[in-house]
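Source: prediction; values computed, not measured. In this chain, numbering begins with 1 at the start of the sequence shown. Scope of the values below: all heavy atoms of this structure, side chains included, with no hydrogens, waters or symmetry mates.
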Amino acid sequence: MAKSTKPKYAEARARNYTVAELKKLNWDVKHPNSGGNILEEQEAKHFDPRFDELLGKDRPDFLIYAAGFPVAVIECKNEKTKIEVAIDEAKDYAEALSVNHFDVRIAIGVAGNEEDGVTVRNYYRDANGNWTEIQGNSYPLTQLLTLDQLNQVLLNKKPTIELQIPTEAEFYEVAEEINKIMHEAKVNKSDRAVYLASIILAMQEGDIDTRPNVILEQINANVEAALRKKSKSSLKPIFSITGNKQKLRKQLPLIFHNLDRLNIRALMNSGADILGKFYETFLRYGNDAKELGIVFTPRHITNLMAELIDVGATDTVYDPSCGTGGFLIAAFTRMINQVGNNKRALDKIKLEKLIGTDVDSKISALAVANMIFRGDGRSNIYDDSCFTFNKFKKPFATKTLMNPPFAQTETENMFLEHCFSVLKPGGLSASIFTYAVLAEKNGKEWRADLLKNHQVLAVITVPDELFYPTSATTVIFICRPNIPHTGKVWFCRINNDGYKIKRKKRVETTGSQIDKVKNHYLTKQSERGFSIYTTLKKNDPLVELVPEAYIEPIDYDKAYINEKTEQLLREFTSFVLKYETDIKRLENKRHSILNAHIFDKPVQKGNVYLKDLFDINYGENSVKGNLEAGSTISISSQGVDNGCCGLFDLPITINELVITVPRTGSIGYSFVQEYPCNVDDNCMVMTLRQGIKLSVEEFYYVAAVIREEKWRYKYGRQITPYRLGEHLIDFSILDFKRVNTFRKRMNNKISL
């Protein structure tokens, strides 16, 4: 036990670090008298007279309290080399306190500081007085204990704990810190992913001496050994850490320190895919993916796609644009789960069953590293263009999985056709595909040709933010190639994949539909608003292959949809009151327009297509640019003020009751126009067909339904007259009397 009474100013940084980490681990660092868990050295001077009896004038840096009693000691030192001193002093304090009155079983040493890194060691004293280092998965912990872990040790009276897998948020925090450290070490963004892969490979191979004068050599030596074991020595030049050696030697220990904060060495022995998960988090949020040209497919989506095409141990899986190996990992995981402990089958999978190519040698090397993290590394991954790849005689694969690169010389269509060329009869292909390729007008001939030669099995729209921070509207596209299309297609639309954007990153949330996708696909189940199993439209002029063209809307709750109808009337009233001074002179014209649509009861009944009720056209004038103020209500694609962007010196183009629907901006956010107006060419204009009658209430009801189905339109599937005309409107759930009463009430407000 330390006897010096000299103030420990040099240890302040280690102590500050300890308090900060305890907070991160959700310890209550308040004084025990305030219900907290932590008693600091100076606070302990006069806290309990029994301390004087047991410790004299000395006090430990921290005492951890639980249920009103000290249960653990933390002793801090300012240099990592003094960790053994910190541990010994913590043990001495714990033993001294346990002579009488208390039973302190845990001693923790903390040595170092944030600038150079910190070493943490945790020990447990058994009933015989023997100290043993606390472990998780048979490896010493490298992080301070959490309250749950401490209680676990004390309750079980054993120096072992069950480690919890860190959350994605915890992974992200460490990944972000490592990225900052690499930035300070002047590591190029495009090299950071490779450097981290090297560090993790080195850790996986064995212990690393993190002293600055030897750390670089230790990492490179371990990496070389790891690659040699996997017969991948040719990748040594890519994974050797070079750069500014002076800065790296100083910063690299901090990277190991941050990995230690995750207890990553212990977690590596858990059997869980910790290294791969952490590495993926770094790739996704560490600014490397963009620099390397990687579009990172999230793990839950690669796993979903591998499951949808039922990848099995006997399959040969090929990814022609493998990137960092996400799809091959998903396939490998399913395969090894199926073969279990069958070493012969496992070796066959590693040597023969996984094939990938990527034109960038650095990225394909990352794929190899990613596979090594999962216990493979011998798969057939090549730095080659799939279009010149000739290592295997075609056809050589039974399943293909891919997310082809966007906006390159070779189009996504070319990648898909390439996949079809390598698949054996009966094979299956699952791809991430740009939404527009399957919906835009200029792709209709390719889609028609596709259906003549290949069978489409499923198309699944995924959330637009799936590849955040990259913005992309995409689908999962599943085909059985080299068989002309017949039968039905399963279409699905995922709103919730289990993640949401929070503070510029995607974090887990509740309500994931992923399991529902799997179940519905397996049973080919249809559910309004979510999925449909149906034949393709024979007379579709666009040959669309997207769910939004086929999925039926939900069965609207009558109260809900009528409330939404009233909402449009309320918005119209607010617009009129806002512009009352400017449009008062148009009131007579408005009433003249409305008179043709005032009825005592609804005109339409049952289901009717919009194309049978309305002529649907584009607006005529643009309201962009420097327009002069005038007297014409000008309707644009905005979603407020009934679409009115102001009154300008423009000709009146609409002199009757119409519905306007923005096709850009606030897409699908429809309004009813009761006043003469000019409509921007970024809007659709729905005008009653000759001989058709509709009440004002029915106009608003139609607009409300269009709003509810605006999900049908997005980048790649813009609103067009044809698409809007295909909306089927069920007038039977319009509560005419309710809406009529509400309309009259709103009209009275305008009159006032």
Atom [atom1] of [X] with >12 non-hydrogen neighbours under 6.0 angstrom:
X	atom1	result
Q338	CD	yes
Y139	OH	yes
N341	CG	no
K186	NZ	no
K24	NZ	yes
K250	NZ	no

Practice item. Give the intermediate values and the outcome of side-chain contact (heavy atoms from CB on, under 4.5 Å) for residues L450 and V543. Key: CA-CA 10 Å; L450 174 81; V543 197; over 6 Å; no
Look up atom [atom1] in [X] and atom [atom2] in [Y], then write down how far apart they are to the nearest 0.5 Å.
X	Y	atom1	atom2	answer
N303	T297	CG	OG1	11.5 Å
I199	L252	CD1	CG	5.0 Å
L354	I381	CG	CD1	8.0 Å
Y550	L545	OH	CG	7.0 Å
N403	M305	CG	CE	7.5 Å
T400	F420	OG1	CZ	7.5 Å

Do side-chain atoms of [X] reach the backbone of [Y] as a donor and acceptor pair under 3.5 angstrom?
X	Y	value
R717	R712	yes
N337	R334	no
N496	T510	yes
D384	T357	no
N222	E205	no
H520	K516	yes
K350	G375	yes
D383	D360	no
E412	T434	yes
T398	T316	yes

For [Y], is there an ion pair with [X] - N to carboxylate O distance below 4.0 angstrom?
X	Y	answer
D497	R506	yes
D347	R378	no
R249	E217	yes
D515	K518	yes
R374	D376	no
K399	D310	no

Restricting to non-hydrogen atoms, name the atom on [X] and the atom on [Y] that form the minimum distance, rounded to 0.1 Å.
X	Y	value
V368	K232	CG1-CG, 4.0 Å
M203	I264	CE-CG2, 3.3 Å
K444	L542	CB-O, 3.4 Å
V187	R192	O-NE, 2.9 Å
T314	K353	O-NZ, 3.2 Å
S321	F415	CB-CE2, 4.1 Å

Does [X] reach the side chain of [Y], with side-chain heavy atoms less than 4.5 Å apart?
X	Y	result
I432	I301	yes
Y172	T167	no
Q251	H183	no
S512	Y499	no
S379	L328	no
Y195	N188	no
V311	F332	no
T461	K714	yes

Exercise for review: Check the side chains of S240 and N220 for a donor-acceptor pair under 3.5 angstrom, ignoring hydrogens and angles.
Suggested key: no
Review point. Side chains of N258 and R261: do they bring a donor and an acceptor to under 3.5 Å?
Key: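 Short answer, yes.
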Review point. Can you say whether the rings of F530 and W490 are parallel (under 30°), tilted (30 to 60°) or perpendicular (over 60°)?
Key: perpendicular
**Study point:** F171 and F278 aromatic ring geometry - parallel, tilted or perpendicular at 30°/60° bounds
**Key:** tilted
Practice item. Please lay out, stage by stage, how V422 and F389 fare under the test side-chain contact (heavy atoms from CB on, under 4.5 Å). Key: CA-CA 11 Å; V422 305; F389 180 61; over 6 Å; no
Study note, to complete from the structure: Here the ring pair (Phe, Tyr, Trp, His ring centres under 6.0 Å) pairs for residues 307-326, sequence neighbours left out, are Y318-F396, Y318-H418
Point to revise | CA sep, side-chain torsions, deciding dist, call: V317, M335, side-chain contact (heavy atoms from CB on, under 4.5 Å) | key: CA-CA 10 Å; V317 179; M335 290 171 162; 3.6 Å; yes
Exercise for review: Scan V118, L259, I181 and name whichever one has a side chain to side chain contact (heavy atoms under 4.5 Å, CB included) with L254.
Suggested key: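 One option only clears the test, and that one is I181.
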**Study point:** side-chain contact (heavy atoms from CB on, under 4.5 Å) between T302 and L401, intermediate numbers included
**Key:** CA-CA 8 Å; T302 60; L401 291 159; over 6 Å; no
